[in-house]
Amino acid sequence: FIFISALAFLPSNMNKVLLPYLFKIPFKNNEKKFNFIFRMYSKLFLIVSYFIFINIFLFAKDIIPLLFGAKYIKSIDVLVYASFSIPFLFIVSEIIITTLDKQHVNMRNQAIAFVFHVIINFILIYYYHANGAAIATAFTFLVIYILSHRYLIKNKIISYGPVFKEKIIILLFTGGL
């Protein structure tokens with residue numbers, strides 16, 4: 001989990017580039033700019049996160065011994081399951097919600113995800129031990145992703161249709177490489 005958590009600095013730093021720009025432009029007068037930024041950053045985040053995910057997924061058996069030594073070989077499966085959370089770490093929707101001065105929405109989403117995480121951890125850890133914790137983490141990040149995107153779509157801040165189509169095309173293209 002430390003390995004996956006360490007990767008969270010990438011989207012955090014990328015968001016630091018975006019945040020000052022978004023604060024300069026009010027949403028009401030620039031809905032097209034917000035949608036454009038959302039689409040561009042979504043594509044960028046998808047490509048970067050999917051690249052990291054695929055590499056960790058494919059090379060976990062090499063990464064663990066290289067970074068942590070042979071005594072941690074049993075944690076390879078944990079890293080593989082945890083790698084599924086990476087695409088959901090790279091989301092631009094939370095930063096857009098923040099720039100709209102709706103931090104309470106992000107807080108509510110985090111609270112819902114926290115409760116979900118505790119419940120799903122109890123269930124999955126009981127049956128799958130450390131692998132269950134990794135799977136629970138991936139599902140929790142998915143919940144945050146869904147909740148934040150749902151808020152933006154429901155309030156007509158972004159149009160997700162074009163972004164969804166572009167994500168599918170990128171996933172199919174990169175999956176075929």
Side-chain angles (χ1 to χ4, degrees), residues 1-15 41-98 103-154 160 163-164 166-177:
F1 293 120
I2 293 171
F3 189 76
I4 299 297
S5 297
L7 293 174
F9 81 91
L10 289 170
S12 173
N13 284 332
M14 293 169 91
N15 281 336
Y41 263 78
S42 290
K43 283 189 252 184
L44 175 66
F45 280 12
L46 177 69
I47 292 167
V48 171
S49 67
Y50 196 64
F51 175 78
I52 294 168
F53 161 70
I54 289 294
N55 280 291
I56 291 174
F57 182 82
L58 294 175
F59 300 110
K61 64 185 178 308
D62 301 315
I63 293 170
I64 292 293
L66 179 69
L67 295 180
F68 303 108
K71 75 179 193 175
Y72 290 98
I73 292 290
K74 292 181 181 179
S75 64
I76 290 172
D77 287 342
V78 175
L79 180 60
V80 168
Y81 290 122
S83 70
F84 282 92
S85 65
I86 292 171
F88 305 112
L89 284 171
F90 287 73
I91 58 173
V92 70
S93 55
E94 287 184 317
I95 200 73
I96 289 179
I97 291 169
T98 300
Q103 294 87 336
H104 68 278
V105 173
N106 282 334
M107 188 175 78
R108 185 203 65 215
N109 291 347
Q110 293 290 330
I112 292 168
F114 170 76
V115 171
F116 174 81
H117 191 63
V118 169
I119 293 168
I120 199 167
N121 260 315
F122 276 119
I123 296 166
L124 293 179
I125 289 173
Y126 180 79
Y127 292 105
Y128 304 107
H129 311 288
N131 288 341
I135 294 166
T137 299
F139 276 116
T140 301
F141 283 117
L142 173 62
V143 166
I144 294 168
Y145 178 91
I146 290 169
L147 291 173
S148 61
H149 280 77
R150 182 180 165 272
Y151 174 82
L152 293 175
I153 294 165
K154 180 181 166 191
Y160 193 71
V163 174
F164 182 73
E166 291 167 351
K167 284 185 175 191
I168 295 298
I169 290 168
I170 291 169
L171 288 174
L172 290 173
F173 177 73
T174 55
L177 294 178

Colleague: Mind checking the CD1-CD1 spacing from I56 to I63? Nearest 0.5 Å is all I need.
Modeller: 5.5 Å
Colleague: Has F116 got more than 12 heavy atoms of other residues, nucleotides or ligands less than 6.0 Å from its CZ?
Modeller: yes
Colleague: For the residue pair P65 and I73, what are the closest heavy atoms and their distance?
Modeller: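 Nearest pair, atom of P65 first, then I73: CG-CD1, 3.5 Å.
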Colleague: Report the distance from atom CD1 of I144 to atom CD1 of I91, rounding to the nearest 0.5 Å.
Modeller: 7.0 Å
Colleague: Pairs in or reaching into residues 67-80: which pass side-chain hydrogen bond (donor to acceptor under 3.5 Å, both in side chains), with residues at least two apart or in two chains?
Modeller: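 Sorted result for residues 67-80: empty, none.
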Colleague: Are there over 12 heavy-atom neighbours, none belonging to R108, within less than 6.0 Å of that residue's CZ?
Modeller: yes
Colleague: Can you measure from CG (N131) to CD1 (I76) and round to the nearest 0.5 angstrom?
Modeller: 11.5 Å
Colleague: Working to the nearest 0.5 angstrom, can you tell me the gap between N109 CG and Y151 OH?
Modeller: 9.5 Å
Colleague: Nearest 0.5 Å, what's the OG-CZ distance between S93 and F45?
Modeller: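 S93 atom OG to F45 atom CZ measures 10.0 Å (nearest 0.5 Å).
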Colleague: Applying side-chain hydrogen bond (donor to acceptor under 3.5 Å, both in side chains), which residue pairs with at least one partner in residues 112-124 are found, sequence neighbours left out?
Modeller: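 Every side-chain hydrogen bond (donor to acceptor under 3.5 Å, both in side chains) pair that includes a residue of residues 112-124, provided the two are not neighbours, is H117-N121, H117-T140.
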Colleague: Kindly give the heavy-atom pair with the smallest separation between A82 and A134, and that separation in Å.
Modeller: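 It is N-CB, 3.7 Å.
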Colleague: Which residue pairs satisfy the salt bridge (Lys or Arg N to Asp or Glu O under 4.0 Å) criterion with at least one member in residues 44-68, sequence neighbours excluded?
Modeller: none
Colleague: Can the ring centroids of F88 and F141 be said to lie less than 6.0 angstrom from one another?
Modeller: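 That pair fails the under 6.0 Å test.
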Colleague: How long is the gap from CD1 on I96 to NE2 on H149, to the nearest 0.5 Å?
Modeller: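 Separation between the atoms: 8.0 Å.
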Colleague: Exactly one of V48, N55, I54, I52 should register a side-chain contact (heavy atoms from CB on, under 4.5 Å) with I86. Which one does?
Modeller: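 Per the side-chain contact (heavy atoms from CB on, under 4.5 Å) rule, the option paired with I86 is I52, out of V48, N55, I54, I52.
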Colleague: Minimum heavy-atom separation for S85 to A138, with atom names?
Modeller: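 Closest pair (atom of S85, atom of A138, distance): CB-CA, 3.6 Å.
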Colleague: Indicate the atoms forming the closest heavy-atom contact of I120 with A136, along with that distance.
Modeller: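 Scanning both residues completely, I find the closest heavy atoms to be CG2-CB, 3.5 Å.
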Colleague: For the residue pair V80 and A60, what are the closest heavy atoms and their distance?
Modeller: CG2-CB, 3.6 Å
Colleague: What orientation do Y50 and F53 show, parallel under 30°, tilted 30 to 60°, or perpendicular over 60°?
Modeller: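 Y50 and F53: tilted rings.
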